[in-house]
Visitor: 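One structure, pasted below without further comment.
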Amino acid sequence: MVQRRQARRFARVRDDLGCNLSQDELLTALTTPDVHVANTAFSGLELADVAADGTVFENVAFRGCTFERVNLSTCTFTDVLFSGCRFVRCDLGRSWLNRVDFRSCSAPGLSFLKGRLTGVSLVDSQLAYADFSEASVDQLVASETKLAEASFHATRLRRVALERCDLSLATFFRTSLSGVDLSTCDISGLRVSSDLRELRGAVIDPDQAAELMGLLGIKIKEDEWH
């Protein structure tokens with residue numbers, strides 16, 4: 001049996017954290033400039049067509065919540081857990097995510113454009129088409145997460161760990177993957193520069209190397225048995 005390492009957690013949120021804020025109070029906070037939302041948990045919350053105004057979230061847990069067309073850009077998240085949440089056409093661009101965990105979330109196309117991510121965990125989540133372009137990332141841990149066709153254009157990556165993630169057709173133009181272990185991930189159709197400069201220093205397995213050779217127009221001759 002293959003033993004899997006326990007996914008890294010960054011968010012310092014207690015499992016027994018209770019709800020100390022109603023949905024109406026949260027809506028008021030979101031639309032009031034620079035308000036702090038702290039020390040509370042939400043379960044089954046449904047938010048739609050809301051735009052936050054620089055809200056600061058600290059020590060907050062969202063469990064089984066749905067966010068639809070919610071604009072959370074320019075917000076700050078510190079010690080925040082999203083567990084079993086669903087995001088539909090939402091924006092986290094230009095936000096700071098500091099010690100934030102996404103667990104079993106569905107968030108296709110979620111935007112982190114020009115955001116700052118410091119200590120973020122993505123576990124068993126769906127983030128296909130997510131946009132990390134021009135973001136600054138320091139300590140990102142992702143495991144068993146779908147990042148197919150995600151965009152990492154001109155993204156600054158530091159201390160990134162990826163395990164069994166789907167990166168098929170993801171874009172990494174002008175983003176260095178040096179030191180990143182991709183050996184357990186699906187990198188088929190990875191979109192990088194024609195000279196593969198973004199992959200210099202990355203760790204890959206032999207099968208992945210053979211596929212990348214194909215991108216360079218190099219054919220590997222197979223052994224012939226007579």
Side-chain angles (χ1 to χ4, degrees), residues 6-127 130-132 135-145 147 159-161:
Q6 187 174 4
R8 174 78 182 272
R9 292 188 180 190
F10 291 104
R12 301 169 185 170
V13 179
R14 299 195 323 271
D15 292 336
D16 62 351
L17 183 64
C19 180
N20 300 308
L21 201 70
S22 70
Q23 179 167 337
D24 287 342
E25 289 172 325
L26 175 61
L27 286 171
T28 299
L30 290 175
T31 55
T32 303
D34 305 319
V35 166
H36 276 64
V37 175
N39 306 315
T40 187
F42 300 96
S43 296
L45 179 73
E46 294 186 2
L47 289 180
D49 300 305
V50 178
D53 193 352
T55 309
V56 176
F57 297 88
E58 186 171 1
N59 191 34
V60 178
F62 295 94
R63 298 186 177 95
C65 299
T66 299
F67 304 86
E68 188 166 356
R69 297 181 301 278
V70 176
N71 187 343
L72 295 167
S73 61
T74 72
C75 292
T76 299
F77 301 81
T78 299
D79 292 319
V80 175
L81 167 68
F82 295 98
S83 178
C85 294
R86 182 169 172 258
F87 296 83
V88 180
R89 296 195 293 280
C90 293
D91 187 0
L92 282 165
R94 299 180 185 272
S95 289
W96 180 20
L97 281 68
N98 180 40
R99 298 194 301 270
V100 176
D101 297 339
F102 293 84
R103 298 184 172 275
S104 302
C105 291
S106 174
L110 185 60
S111 175
F112 300 93
L113 178 68
K114 295 185 178 180
R116 182 183 176 196
L117 286 68
T118 53
V120 173
S121 173
L122 310 173
V123 179
D124 184 33
S125 293
Q126 159 64 278
L127 280 100
D131 190 0
F132 296 86
S136 175
V137 179
D138 185 0
Q139 277 204 301
L140 171 68
V141 176
S143 63
E144 298 182 330
T145 289
L147 291 160
R159 293 189 291 178
V160 172

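Model, not experiment: these values are computed from the prediction. As a basis for the values below, the full set of heavy atoms in this structure was taken, side chains included, without hydrogen atoms, waters or symmetry mates.
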Visitor: Looking at CD of Gln139 and CG of Asn98, how far apart are the two atoms once the value is rounded to the nearest 0.5 Å?
Guide: 10.0 Å
Visitor: Kindly indicate whether the side chain of Leu92, heavy atoms from C-beta on, has any atom under 4.5 Å from the side chain of Phe77.
Guide: yes
Visitor: Run the side-chain contact (heavy atoms from CB on, under 4.5 Å) check on Val50 and Phe67 step by step: do they pass?
Guide: CA-CA 9 Å; Val50 178; Phe67 304 86; over 6 Å; no
Visitor: A quick test of your reading: do over 12 heavy atoms of other residues, nucleotides or ligands sit less than 6.0 Å from CZ of Arg86?
Guide: no
Visitor: Rounded to the nearest 0.5 Å, how far apart are CZ of Arg89 and CG of Leu110?
Guide: 13.0 Å
Visitor: Is the shortest side-chain heavy-atom distance between Val13 and Asp101 below 4.5 Å?
Guide: no
Visitor: For a quick test of reading the model, state the closest non-hydrogen atom pair linking Ser73 to Asn71 and the distance between them.
Guide: OG-OD1, 2.6 Å
Visitor: Can you measure from CG (Asn39) to SG (Cys19) and round to the nearest 0.5 angstrom?
Guide: 12.5 Å
Visitor: What I'd like to find out is whether the side chain of Thr40 reaches to under 4.5 Å of the side chain of Leu26, using heavy atoms alone.
Guide: no
Visitor: For the atom pair CG (Leu97) and CZ (Phe10), what is the distance rounded to the nearest 0.5 Å?
Guide: 12.0 Å
Visitor: Check Thr74 against Ser95 and note the closest heavy-atom contact, atom names and distance.
Guide: N-OG, 3.1 Å
Visitor: Decide yes or no on side-chain contact (heavy atoms from CB on, under 4.5 Å) for Val141 and Val120, but give the supporting numbers first.
Guide: CA-CA 6 Å; Val141 176; Val120 173; over 6 Å; no
Visitor: Quick one, Leu127 and Phe112 - any side-chain contact, counting heavy atoms below 4.5 Å?
Guide: yes
Visitor: Out of curiosity, Arg99 CZ to Asp79 CG, how far, rounded to the nearest 0.5 Å?
Guide: 4.0 Å
Visitor: Step through the shown structure and confirm whether more than 12 heavy atoms of other residues, nucleotides or ligands are within 6.0 Å of CD on Glu46.
Guide: no
Visitor: Check whether any side-chain heavy atom of Leu47 sits under 4.5 Å from a side-chain heavy atom of Leu27, and report yes or no.
Guide: yes
Visitor: Can you tell me how far the CD atom of Glu144 sits from the CG atom of Asp124, to the nearest 0.5 Å?
Guide: 6.5 Å
Visitor: Would you check, one step at a time, whether the test side-chain contact (heavy atoms from CB on, under 4.5 Å) holds for Phe102 with Thr145?
Guide: CA-CA 10 Å; Phe102 293 84; Thr145 289; over 6 Å; no
Visitor: Who passes side-chain contact (heavy atoms from CB on, under 4.5 Å) against Ala142, sequence neighbours left out?
Guide: Leu122, Leu162, Cys165
Visitor: Any side-chain heavy atom of Leu81 sitting closer than 4.5 Å to one from Leu17?
Guide: no
Visitor: What heavy-atom pair brings Arg63 and Asp15 nearest, and what distance separates the two atoms?
Guide: NH2-O, 3.7 Å
Visitor: If you take all heavy atoms of Ser121 and Arg8, which pair is closest and at what distance?
Guide: OG-O, 3.0 Å
Visitor: Which pair of non-hydrogen atoms, one from Cys85 and one from Phe87, has the smallest distance, and what is that distance?
Guide: CB-CE1, 4.0 Å
Visitor: Minimum heavy-atom separation for Cys105 and Gly84, please, with both atom names.
Guide: SG-N, 3.9 Å
Visitor: Between Phe62 and Phe57, how do the two ring planes meet: parallel, tilted or perpendicular, split at 30° and 60°?
Guide: perpendicular
Visitor: Any donor-acceptor pair under 3.5 Å linking the side-chain atoms of Ser22 with those of Asp24?
Guide: no
Visitor: Using a 4.5 Å cut-off on heavy atoms from C-beta on, say whether the side chain of Asp138 contacts that of Arg116.
Guide: no
